[in-house]
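So the structure is just underneath, and the comments pick up after that.
Just so it is clear, the values below take in all heavy atoms, side chains as well, and ignore hydrogens, waters and symmetry mates. First listed ligand is number 1; within each ligand, the first listed atom is number 1.
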Amino acid sequence: MADDTLIAVKEAIASTAKVDEAKRRAMAERATSDPEGFWREEMRRVAWMREPTKIKNTSFEGDVSIKWFEDGELNASVSCLDRHIEAGRGDQVSILWEGDDPNSDSRTTYRELHARVCRLANAMRRLGVRKGDRVCIYLPMIVEAAVAMLACARIGAVHSIVFGGFSPDSLASRIQDSECTLLITADEGRRGGRKVPLKTNADEALKTCPSIRHVIVAKNTGTAVAMQEGRDLDWAALCDREAEICEPERMNAEDPLFILYTSGSTGKPKGVLHTTGGYMVWASFTHDLVFDYRPGEIYWCTADVGWVTGHTYIVYGPLANGATTLMFEGVPSWPDSGRFWQVVDKHGVNIFYTAPTAIRALMRDGEEPVKKHKRSSLRVLGSVGEPINPEAWLWYYRVVGDERCPVVDTWWQTETGGILISPLPGAVAQKPGSATLPLPGVQPALVDGDGKLLEGAAEGNLVITDSWPGQMRTVYGDHARFVQTYFSTFKGMYFTGDGARRDADGYYWITGRVDDVINVAGHRMGTAEVESALVAHPKVAEAAVVGMPHDLKGQGIYCYVTLVAGEEPTEALRKELVAWVRKEIGPIATPDAIQWAPGLPKTRSGKIMRRILRKIAANETDSLGDTSTLADPAVVEELVENRVGR
Ligand code: WT7
């Protein structure tokens, strides 16, 4: 698709949008020329207990130090709850919950949410949880997940959410890394008509987590689960006796709000740490601008709270802005592939935010399941998580949005806290497949392999040259890894790990990761993690994992496996390894292809040449490039010959 497929802003949208083209331009200019002044105004979006006088104090050099609003004090839960009640909006619905079962839903007003948060916060304090303590949350998509997050924020505890689809091992390593003292979970989760055994998984994980003193268990499906005397506590019984008010902890702007583990190109997942003031300002600012949010609207982000999208755009952003945020327990394909649109009509959803992988899957089922529902309430459509191919973009725009709704393709990362590059509805003309322009206050750039800045239309590595309030502050417990991962590749710049192209209009087109991270159905996965799961199997000697193109998932997981001497490569063993990785990491890491590799292409110094493995997996064997530095070039021929799917 040519770059110049431009979908102009419709007059009707521009004339009603909060931010139009002229205003966007003015904001972007001001945010760059006078960041102090710009953010001194924008910071008023959140409720400060003590207004900051110092705005920005950041350095990408040396030890890297990022501080925003550093002498300010606030509590995130107050911005999300108390002030809306004080403003007379206590009876407005805060969380509109839609169950996996189409017949179950619930409405929680701001007043009710505040009361539930306070009860749990009081209970946690009574259990000895203090400011700065880490609390792990392993919950399904139920209202309790948001209550637990905000209750942590209320008392200054740092939450670390682990996605409910992760295995006991993955849960355990995350709890261990941040030494959580409390775990909040549920009996079971529900997804697509099936049950997820959360408490059983948690019990398994906790065998190796001595830091955990208590487990709070929410009743969800009502199934009987084992409760360990003295450790496990029933949520309802615990909270029923607590008061509905709870004094919020005064937090410094730079006190941690949460940790969220995410995969990198090497080693174990790292704990991305976000702090309170800058993150909350960024969550509110971006949710407001990118979705052109208007009071009274129903806003729906289909992500899971286990990912950063759920943190910023189901909970903190929309609640800071006093929105009604829809929380969905189910999946797009159940009971049928019209579910999203059925829910849109049922609740009158105005703003809808989902992932390209879901759009591609629904596209496959044709227009009928979409057209069966009216969707007339929809006003803005969003996309996040991976590059959206122009075909899927156009289908989303034409079929779902009836060419009425702007599509915002939002580029960002766990590390960035919120959206950095995206069109604004009514202010930026769209190009299908492009995340378009940076938000005001964001300074992206492209550099070549040597870190040289590229001007004009160019393709290269995507970096951000100056800080924004929502930026991560450190890797929990390992600041050196933070500096090494993000600031050492290109000196003085934040390296995103993504490649991108910038066209003649200055629009950004994200081309995908340039490191050893793969993006499977919008879920981020380190190839090193899958490799270490594979080599943990007694029959595996060595493994190399790469991404491969996948029609629905964007990328699939392609594994090259060398067995220990004497082991036979059988179909039964292949299945066993697939099941093994699922059990070790979780279903999102299920390998799509396993190729038996008698040998792997290595340099003479023993480094695996992944470039070649990626080419073979993608079936681009005509362009393998230079193989002369390999210790044994014959290995490559063997791998090409026996490629899976040949
Ligand atoms: C990686 C970050 C952003 C929250 C969900 C994922 C890819 C994300 C886009 C987009 C192209 C995108 C990038 C990024 N990505 N959004 N709109 N267009 N690529 O967060 O798990 O931290 O993954 O997702 O590769 O680096 P995450």
* Heavy atoms, side chains only, cut-off 4.5 Å: are Tyr396 and Met363 in contact? -> no
* Taking the side chain as every heavy atom from C-beta outward, state whether Gln555 and Met525 have any pair of such atoms under 4.5 Å apart. => no
Mind listing the side-chain donor-acceptor pairs of residues 434-443 below 3.5 Å, one per line with the distance, residues two or more places apart or on another chain?
from: Ser434; atom 1: OG; to: Thr436; atom 2: N; distance (Å): 2.9
from: Ser434; atom 1: OG; to: Tyr508; atom 2: O; distance (Å): 2.6

Which pairs of N or O atoms, one from ligand 1 and one from the protein, are separated by less than 3.5 Å, and what is the distance for each pair?
from: ligand 1; atom 1: 15 (N); to: Gly385; atom 2: O; distance (Å): 3.4
from: ligand 1; atom 1: 16 (N); to: Gly385; atom 2: N; distance (Å): 3.1
from: ligand 1; atom 1: 17 (N); to: Asp409; atom 2: OD1; distance (Å): 2.7
from: ligand 1; atom 1: 17 (N); to: Thr410; atom 2: O; distance (Å): 2.8
from: ligand 1; atom 1: 18 (N); to: Glu386; atom 2: O; distance (Å): 3.4
from: ligand 1; atom 1: 19 (N); to: Pro387; atom 2: N; distance (Å): 3.3
from: ligand 1; atom 1: 22 (O); to: Thr414; atom 2: N; distance (Å): 2.8
from: ligand 1; atom 1: 22 (O); to: Thr414; atom 2: OG1; distance (Å): 2.5
from: ligand 1; atom 1: 22 (O); to: Arg524; atom 2: NH1; distance (Å): 2.7
from: ligand 1; atom 1: 24 (O); to: Gly385; atom 2: O; distance (Å): 3.3
from: ligand 1; atom 1: 24 (O); to: Asn519; atom 2: ND2; distance (Å): 3.4
from: ligand 1; atom 1: 25 (O); to: Asp498; atom 2: OD1; distance (Å): 2.7
from: ligand 1; atom 1: 25 (O); to: Asp498; atom 2: OD2; distance (Å): 3.2
from: ligand 1; atom 1: 26 (O); to: Gln413; atom 2: NE2; distance (Å): 2.9
from: ligand 1; atom 1: 26 (O); to: Asp498; atom 2: OD1; distance (Å): 3.3
from: ligand 1; atom 1: 26 (O); to: Asp498; atom 2: OD2; distance (Å): 2.7
from: ligand 1; atom 1: 26 (O); to: Arg513; atom 2: NH1; distance (Å): 2.9

* Structure fact -> Contacts of Asp516 meeting salt bridge (charged side-chain N to carboxylate O under 4.0 Å, His left out) (sequence neighbours excluded), chain-then-number -> Arg610, Arg614
* Asked: With sequence neighbours excluded, what pairs up with Trp39 under the side-chain hydrogen bond (donor to acceptor under 3.5 Å, both in side chains) test?
  -> none
* Asked: Should we count CD of Glu403 as having more than 12 external heavy atoms under 6.0 Å?
  -> yes
